[in-house]
Amino acid sequence: MKQILMGNEAIALGLIHADVDVVSGYPGTPSSEILTNYQKLKDKLNLTAYAEWATNEKVGYEVAYANAMSGKNSCATMKQVGLNVASDALMSSAYIGNIGAMLLISADDPGFYSSQTEQDSRTFAKFARIPVLDPASPQEAYDFVKLGVEISRKFESPFMLRPVMRVGHARGICEVEENHEFNPPKANFIKNTNRWAGVPPGPRSVQGGELLNKVEQIRDYNLQTFISPKIAELKGAKTLCISSGVASTYVREAIEENKLDAEVLKLDMPYPLPYHKLNELCKSYEQVIIFEEPYPCIEEQLNAPNLLGKFSGHVHQIHEFSKEKVIESFKKARLFNDSNPYQASKFNAHSIASRPPTLCPGCPHRDVFYAMTRTFRSKNSIYVSDIGCYTLGLNQNAIDSFLCMGASVSMASGFSLAHPEKTVISTIGDSTFLHSGVTGLINAIYQKHKFILLIMDNSIAAMTGRQTTPERSNPENIDIKRIVEGCGITCHEYVYKPDMNKTLDFMKELKEIYKTSDMPIVAVIREFCVLDKERSNKLLPHKLVSVDSDKCVECDTCISKYKCPPMSYGENHKVEIDPFLCAGCAACIDGLCPTDAFVLADLGEEK
Amino acid sequence: MRYQILITGFGGQGAVFLVKLLSIASSLKGYNCIGTENHGMSQRGGSVSCGIKIGDFYSPNIDENSADLIIALEKDEALRYIHFLNQKDGVLVVNSDDKFDKIKQKHIKFDAFAKAKNGDFDIGGLNVYMLGVAMKNVENFPFSFDEIARSLEIFNPKVSSKNTQILRLAMEEK
């Protein structure tokens with residue numbers, strides 16, 4: 001049966017068709033829609049299955065893995081930087097293995113579309129010594145999930161699926177199973193302390209040896225199942241291109257469209273590779289070029305003398321692939337001599353408006369950042385922030401540094417030690433605070449570090465697509481204010497109003513309290529996400545704003561400091577508001593413009 | 001059959017909607033297709049480009065100098081991605097007022113913002129309107145009005161009649 005699916009939808013459907021009934025993970029672009037779609041399918045098909053967001057990736061992995069230990073088919077979803085958080089659990093689970101299936105889906109982001117790093121999860125699989133499949137399309141993503149469950153059960157090893165952004169967010173026609181009868185295996189945890197609780201050095205060193213054996217078996221399986229049939233199909237050309245995943249699609253298109261004397265061997269399982277066989281294969285070609293993104297995972301496993309790739313300088317080392325880059329590599333390898341057909345000169349960019357990633361019109365974060373920078377001036381303060389929508393506060397110069405999920409709190413501790421003369425202000429969202437900010441806060445209170453922590457609680461994981469957070473799902477039990485109070489300090493609370501004067505007043509109060517404190521000052525700001533219709537419709541006043549051009553003196557406060565997307569200079573050099581972009585929060589009317597030029601729009605004129 | 005369409009605009013304009021719609025149209029017609037979408041950092045107001053490759057392709061990305069058609073929902077976003085257009089035969093369809101920069105590539109300019117401001121259609125239908133402009137003006141566009149109307153129906157029956165009306169409005173424009 002054919003369906004049009006986005007890669008992450010295909011993965012979710014694959015999970016159901018592979019009888020996986022436990023899915024746990026933490027949202028992160030480009031992985032987030034996997035769990036969301038699994039939840040939708042589960043509800044639509046009325047299946048008994050567990051699919052919930054965990055507080056962070058390590059927790060998600062551990063919840064899923066215990067099920068795999070018990071014989072069930074389980075899956076943990078995350079993005080590549082999330083795998084860093086879960087890596088502690090991953091490394092140990094690779095030694096111990098599983099009875100059921102343990103699928104780790106780690107979505108990579110070559111090209112840094114929404115990530116701090118471009119790291120390659122395949123090399124993490126290599127580090128942990130677990131098999132990894134690298135799909136090139138939504139169809140393969142679907143197929144490989146099902147195959148992965150088989151592999152994981154067969155070798156009793158956690159298995160990694162490594163889609164990249166161009167798979168998860170690609171949309172294509174997929175052939176999928178029809179009328180699958182969902183029949184997940186039942187749990188049956190069999191106590192075996194030596195295996196499941198093996199302490200070092202005895203049982204664990206035994207498992208370490210077993211793991212090496214397993215890798216050899218999987219290497220052989222990879223050769224028999226995936227590689228040998230593909231070698232048999234090779235026709236013989238001057239150049240062999242070895243590739244995997246989406247990288248192979250660019251290579252294939254470039255060869256066909258330009259009729260080059262080259263062919264592609266696509267490795268579905270880039271680790272563990274049968275390197276003897278592949279090195280041997282390379283000998284029958286004049287040259288072999290390895291194309292992979294983003295890291296040299298295959299290249300590091302092979303060592304034939306005629307290999308070209310990232311190490312030899314023939315293939316680029318950073319950013320995602322394009323056919324243009326493939327052709328550049330072919331030119332360096334003297335396989336192609338004409339001008340690059342995938343190059344065109346860009347339009348002279350001087351007149352194009354720049355659109356850096358920015359907070360949405362009407363987003364309460366913008367007001368909080370503005371009030372924060374107005375109250376705590378930049379030269380006397382250090383602003384630390386975190387990963388999430390509030391990262392976009394960079395535009396408002398409200399962030400001096402951010403590192404990784406949850407780090408803003410402990411970094412604020414660090415900066416307060418380095419610069420006791422400055423006010424250190426940390427900003428973090430609700431989901432991120434519960435993910436890993438809370439441990440930093442416990443540390444800061446226990447060691448009495450003095451800084452201000454603003455928890456910007458919009459009750460949703462907004463940037464990744466508005467997934468529910470623990471507090472949102474379970475407000476009776478989990479409340480950020482009470483968590484902070486549980487650490488023995490006051491939690492100040494401000495319920496956001498789209499009125500700049502009120503937000504400024506709250507910041508001033510914090511400033512007063514800070515003066516006499518010897519502890520972290522923590523505040524939770526109750527906000528909403530403008531894209532979260534359930535809440536924002538009730539909380540936005542839906543008042544359109546326009547500019548009284550007689551009053552506007554082009555002071556630039558709104559354009560350079562507040563930076564709401566509908567605001568721009570019009571032809572008469574006065575600020576104008578684009579009615580199509582304005583969200584109707586009207587927060588700019590009071591307290592923002594020094595000459596009060598923002599006024600309510602006369603809706604009679606606007607349609 | 002090989003046809004590549006790039007949609008450009010800014011976050012919130014419904015570029016992804018068009019990719020989904022055109023993928024439905026492709027499947028109805030029995031064409032293969034693969035497309036790519038933006039998620040994450042580009043929410044409201046950020047630059048967005050996404051595309052669909054109809055026919056026999058492997059890679060999800062449209063390369064520079066390769067698109068047969070660019071539908072630009074905003075004029076700056078047209079210029080930002082113009083190098084993705086096939087410089088010889090490709091056509092740009094752009095939502096712009098008279099002040100569009102001089103370019104050497106084939107292009108069709110239409111001020112859909114002015115139409116929306118005038119109340120001819122709801123601004124939320126800007127993407128469908130520009131699709132209609134493209135369908136009317138681009139000779140080798142791979143789908144007919146009926147095929148797109150049918151795809152709108154499959155995509156979301158609740159709003160399909162409103163969208164079909166907007167599409168028709170654009171195609172009837174002189």
Side-chain angles (χ1 to χ4, degrees), chain A residues 2 4 6 29-30 32-33 113-114 136-138 165-173 246 248-250 252-253 256 320-324 341-347 349 351-363 389 392 462-465 530-531 565-566 579-581 583 606-607, chain B residues 10-13 16 19-20 22-24 26-27 31-48 50 52-53 56-61 63-66 74-87 101 103 105 113 116-120 122-124 126:
Chain A
K2 283 194 159 57
I4 308 165
M6 189 173 79
T29 312
S32 314
E33 300 83 5
Y113 286 90
S114 44
S137 62
M165 188 273 254
R166 299 290 180 191
V167 170
H169 291 169
R171 182 172 295 276
I173 298 169
V246 167
S248 70
T249 67
Y250 300 103
R252 209 160 255 177
E253 264 184 35
E256 284 186 14
E320 73 170 337
F321 261 100
S322 63
K323 284 191 281 192
E324 181 194 347
Y342 307 112
Q343 266 172 357
S345 51
K346 287 190 175 175
F347 185 81
S351 65
I352 305 178
S354 74
R355 294 187 199 275
T358 181
L359 290 167
C360 302
C363 175
C389 279
L392 302 171
M463 181 171 268
T464 47
V530 278
L531 302 179
F580 293 146
L581 282 175
E606 305 287 342
K607 286 233 174 174
Chain B
F10 53 80
Q13 285 197 304
V16 172
V19 170
K20 288 183 184 173
L22 292 168
S23 67
I24 295 172
S26 304
S27 76
Y31 297 147
N32 256 328
C33 70
I34 183 147
T36 180
E37 301 173 8
N38 286 68
H39 296 246
M41 294 284 275
S42 301
Q43 297 203 340
R44 290 296 184 270
S47 173
V48 167
C50 47
I52 178 153
K53 297 166 87 170
D56 296 322
F57 291 97
Y58 306 109
S59 98
N61 253 356
D63 296 82
E64 284 186 25
N65 193 19
S66 299
E74 197 276 337
K75 64 181 172 187
D76 281 339
E77 298 309 316
L79 300 174
R80 198 187 311 283
Y81 296 99
I82 192 86
H83 54 293
F84 285 88
L85 194 67
N86 182 323
Q87 302 292 303
D101 286 72
I103 55 166
Q105 294 87 349
F113 278 145
K117 242 177 209 168
N118 191 42
D120 290 11
D122 182 79
I123 187 70
L126 178 89

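Below, read A as the first sequence line, B as the second, and so on, with proteins coming before strands; counting in each chain starts at 1. Nothing here was measured: the structure is a model prediction, and the numbers come from that model.
Chain A forms the most heavy-atom pairs under 4.5 Å with one residue out of B:Thr36, B:Asp63, B:Ile34, and that residue is B:Asp63. Ranked by heavy-atom pairs under 4.5 Å with chain A, the list B:Asn32, B:Asn65, B:Ile82, B:Val19 is led by B:Asn65. For chain B, the option among A:Glu324, A:Lys2, A:Arg355, A:Gln343 with the highest count of heavy-atom pairs below 4.5 Å is A:Arg355.
Across every non-hydrogen atom of B:Lys117 and A:Pro579, the tightest pair is CE-CG, 4.5 Å. Minimum interatomic distance between B:Phe57 and A:Glu253 (heavy atoms only, all atoms of both residues): CB-OE2, 3.3 Å.
Applying the side-chain hydrogen bond (donor to acceptor under 3.5 Å, both in side chains) rule to B:Ser26 yields no partners; only residues at least two apart in sequence or on another chain are considered. Residues that satisfy the side-chain hydrogen bond (donor to acceptor under 3.5 Å, both in side chains) test with B:Tyr31, not counting sequence neighbours, are absent from this structure.
Looking at B:Lys20, the atoms closer than 4.5 Å to chain A (heavy atoms on both sides) sit in the backbone and in the side chain alike. Using a 4.5 Å cut-off between heavy atoms, B:Ser23 touches chain A through backbone and side chain atoms alike. Proximity to chain A (any heavy atom under 4.5 Å) is shown, for B:Leu79, by both the backbone and the side chain. Only the side chain of A:Pro138 comes within less than 4.5 Å of a heavy atom in chain B; its backbone stays farther off. Within the 4.5 angstrom heavy-atom criterion, only side-chain atoms of B:Glu74, from C-beta onward, approach chain A. Interface residue B:Ile24: backbone and side-chain heavy atoms are both found under 4.5 Å from chain A. With a 4.5 angstrom heavy-atom cutoff, B:Phe113 touches chain A via backbone and side-chain atoms both.
Here B:Tyr81 contributes atom OH and A:Lys346 contributes atom NZ; the two are 9.5 Å apart, rounded to the nearest 0.5 Å. If you take CG on B:Asp101 and CZ on A:Phe347, they are separated by 3.5 Å, rounding to the nearest 0.5 Å. The CD1 atom of A:Ile352 lies 8.0 Å from the CD atom of B:Glu77; values are rounded to the nearest 0.5 Å.
Considering A:Arg166, A:Arg171, A:His169 as possible partners of B:Pro60, the one that fulfils the side chain to side chain contact (heavy atoms under 4.5 Å, CB included) test is A:Arg166.
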Checking B:Phe10 against A:Leu581 for the side chain to side chain contact (heavy atoms under 4.5 Å, CB included) test, could you report, in this order, the C-alpha distance in whole Å, the side-chain angles of both residues, the deciding distance, and whether it holds? CA-CA 11 Å; B:Phe10 53 80; A:Leu581 282 175; 3.5 Å; yes

Test side chain to side chain contact (heavy atoms under 4.5 Å, CB included) applied to B:Asn61 and A:Phe321, step by step: CA-CA 9 Å; B:Asn61 253 356; A:Phe321 261 100; over 6 Å; no

